Amino acid sequence: MNIDGRTIARPLSRSADVVVIGSGPAGSAAAREASRLGARVIVVEAGLWHAPTDFPLSAFDAMRAMYRDMGASVMLGPSPIPYLQGRMVGGSAPINGAICWRLPRDVHEAWCAADPALRQALDWEIIEAVTDEIEARIGVAPTPPHLAGTKNLLMARGAEALGLEHRPIRRNVRGCEGLGRCLQGCPKGAKQSPDITLLADAVERDAIVISATEVDAIEVRAGRAWRVVGTAQGGGAVSIEARKAVIVAASAIQTPHLLLASGINHGPVGHNLQCHPGVSMAGRFTEPVRMWEGATQGHEVIGLRAEGLKFEALGFGLAILGARMHGLGGPLSQELAQMAHWADWGVAVRAQGRGRVRRLGRTGPIVTWSPTAEDLGRFRRGLAVLGALFFAAGAREVLPGVKGFAPRVERPEVIAAIEREGPRSARAFTSAVTHMFGTCRMGSDPASSVVRPDFRHHALEGLYLADSSVFPTNLGVNPQVPIMALATLCARRAMGA
């Protein structure tokens with residue numbers, strides 16, 4: 001059942017066993033598991049519920065309708081960096097690239113080595129079993145060649161020529177037609193995002209989703225989280241009592257901000273923000289690429305993951321690709337006429353830099369983050385490898401997009417020099433962040449963590465956190481499936497299972 005907050009004009013009071021805040025991968029997985037265990041569940045989501053027929057062709061229209069702050073949220077630092085979040089039922093998942101990775105074993109081992117209490121709480125075999133179930137439910141499978149599109153096959157060609165490990169991206173889709181519109185939302189409903197899978201399972205078990213309703217605070221009574229209060233877009237106040245648990249799954253940015261807004265500031269709330277910034281490069285080929293066709297992101301190069309680098313083919317609207325072109329007037333028109341020959345590839349960086357989420361008055365979250373010198377070195381290294389991949393795949397030229405470096409490069413040895421001779425300033429690079437972690441991290445020490453290894457808040461009963469804010473570190477890979485897996489465990493702990 002969906003209650004559209006735009007229709008709530010008068011006070012609405014409800015109660016449930018479990019109240020879940022947020023409906024993205026974490027919230028949907030937690031709601032599904034809690035409802036499977038017999039709980040009456042209410043999910044509260046700030047965004048709207050969009051059907052596949054609502055998803056626009058234009059990337060800018062999609063940002064206006066379904067991205068938080070129209071895709072213009074910014075991390076402040078020496079060079080402001082945009083970070084992207086969805087604001088809709090399903091969170092960011094309906095508008096992501098559908099990339100699916102399991103929790104890497106090496107990351108899990110590092111977590112447990114740093115805090116041995118996590119080994120039992122996050123049992124590897126249980127995580128694997130939960131992940132198997134989730135992947136089966138959301139249809140995770142490698143991108144087949146007939147759906148890849150030229151941009152993805154070219155990346156495979158370049159990686160093969162360079163001897164770098166690569167593979168088709170594993171994606172959560174069924175019936176994909178390769179329309180290249182993942183980042184605007186699939187108009188055919190082929191992407192198996194949580195709104196139409198995990199959350200739908202919870203709704204089948206009588207869970208209620210209250211959309212278009214912003215949670216203002218979690219109220220505490222006698223040392224326990226007992227009520228969630230918010231405001232619907234229709235103007236009505238919403239109050240939901242939680243008989244058993246409140247599970248916060250609002251993201252690594254919104255979760256700490258909500259805790260701070262609620263006066264729940266025990267431990268390093270909002271500290272330790274880690275992320276995956278990405279830099280990208282465009283390359284021009286003699287043959288047409290038509291990068292807007294085929295799987296939005298269908299191939300990845302993983303041979304340098306140990307260095308904190310993962311390379312992905314990109315796909316997005318024509319206007320965004322056009323922004324990479326050079327010149328004005330006639331020269332720009334000539335560039336745009338050749339857009340079918342360009343591809344854009346990116347590298348996600350497992351960054352070392354740490355930032356913070358703050359709340360100032362009644363404003364939204366203030367997010368600060370800066371790359372370290374080592375991170376900037378990974379930017380340069382990643383761009384050098386991207387250039388090598390392009391030229392190995394047959395590109396005639398590349399556009400590095402780095403201030404202070406050659407704007408156009410036609411020789412492999414020139415782009416290779418960016419690693420050792422490229423800029424050392426963050427201001428020189430155009431980057432964006434899509435994955436964020438660690439702002440309410442879990443751990444056994446209440447002085448250095450916000451929640452216990454069982455996802456329960458260190459200071460309050462009945463309060464659990466389920467999203468990537470609890471991850472001790474970033475992952476270096478796309479996190480949506482690990483988020484779902486750990487959120488499932490969180491719901492089990494909340495239900496005493």
Side-chain angles (χ1 to χ4, degrees), residues 15-45 91 115 117-118 120-123 126-127 130 194 198-199 202 207 215 217-229 240-252 254-270 437-444 446 449-472 482-497:
S15 64
D17 298 318
V18 175
V19 180
V20 179
I21 302 172
S23 66
S28 292
R32 177 180 189 249
E33 189 66 11
S35 63
R36 285 206 306 183
L37 293 171
R40 296 300 300 266
V41 176
I42 294 179
V43 180
V44 188
E45 165 60 47
D115 189 346
L118 295 179
Q120 181 176 359
L122 302 179
D123 181 271
I126 294 176
I127 292 174
V130 170
L198 307 186
L199 188 61
V215 173
I218 301 164
E219 295 189 346
V220 175
R221 184 171 68 181
R224 182 179 187 86
W226 77 285
R227 187 167 66 178
V228 169
V229 295
I240 310 169
E241 182 180 343
R243 292 186 290 267
K244 192 171 187 67
V246 173
I247 298 179
V248 187
S251 84
Q254 307 303 323
T255 288
H257 183 257
L258 176 59
L259 294 185
L260 294 171
S262 305
I264 303 172
N265 56 9
H266 171 85
V269 178
F437 312 81
T439 49
C440 296
R441 63 183 179 182
M442 63 165 53
S444 56
S449 58
V450 177
V451 297
R452 310 174 199 214
D454 64 357
F455 303 88
R456 182 163 48 106
H457 193 269
H458 273 296
L460 297 175
E461 296 298 318
L463 179 60
Y464 293 79
L465 308 188
D467 53 43
S468 62
S469 68
V470 307
F471 285 25
I483 289 172
M484 294 175 188
L486 266 62
T488 299
L489 299 185
C490 174
R492 290 180 183 177
R493 304 294 189 270
M495 291 297 294

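It should be emphasised that the depicted structure is a prediction, and the values quoted were computed from it without experimental measurement.
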What closest approach, in Å, do [X] and [Y] show between heavy atoms, and which atom pair accounts for it?
| X | Y | answer |
| --- | --- | --- |
| A29 | A487 | CB-CB, 4.0 Å |
| V41 | S35 | CG2-N, 3.9 Å |
| A121 | R493 | O-NH2, 2.6 Å |
| A494 | K244 | O-CE, 3.4 Å |
| G38 | D17 | O-OD2, 4.2 Å |
| S469 | T255 | OG-CG2, 3.8 Å |

Examine distances only and state if a side-chain atom of S15 and a backbone atom of E241 form a donor-acceptor pair shorter than 3.5 Å.
no
Closer than 3.5 angstrom, by distance alone: can the side chain of S468 be matched with the main-chain N or O of F471 as a donor-acceptor pair?
no
Do the side chains of [Y] and [X] get nearer than 4.5 Å, heavy atoms only?
| X | Y | answer |
| --- | --- | --- |
| V18 | M495 | yes |
| I126 | R492 | yes |
| L463 | L259 | yes |
| P472 | M442 | yes |
| I483 | F437 | no |
| V228 | I42 | no |
| V130 | E33 | no |
| F455 | I247 | no |

Applying side chain to side chain contact (heavy atoms under 4.5 Å, CB included) to I218 and L460, what does each step give before you reach the verdict?
CA-CA 11 Å; I218 301 164; L460 297 175; over 6 Å; no
Run the salt bridge (Lys or Arg N to Asp or Glu O under 4.0 Å) test against R40 and tell me which residues pass, sequence neighbours left out.
none
To the nearest 0.5 Å, what is the distance between [atom1] ([X]) and [atom2] ([Y])?
| X | Y | atom1 | atom2 | value |
| --- | --- | --- | --- | --- |
| L465 | L486 | CG | CG | 12.5 Å |
| R32 | M484 | CZ | CE | 10.0 Å |
| L489 | D123 | CG | CG | 9.0 Å |

Test side chain to side chain contact (heavy atoms under 4.5 Å, CB included) applied to V450 and V470, step by step
CA-CA 8 Å; V450 177; V470 307; over 6 Å; no
Could you please spell out the steps behind the side chain to side chain contact (heavy atoms under 4.5 Å, CB included) verdict for H457 and I264?
CA-CA 10 Å; H457 193 269; I264 303 172; 3.5 Å; yes
Assess whether salt bridge (charged side-chain N to carboxylate O under 4.0 Å, His left out) is satisfied between D454 and R452, documenting all intermediate values.
CA-CA 5 Å; D454 64 357; R452 310 174 199 214; 5.0 Å; no
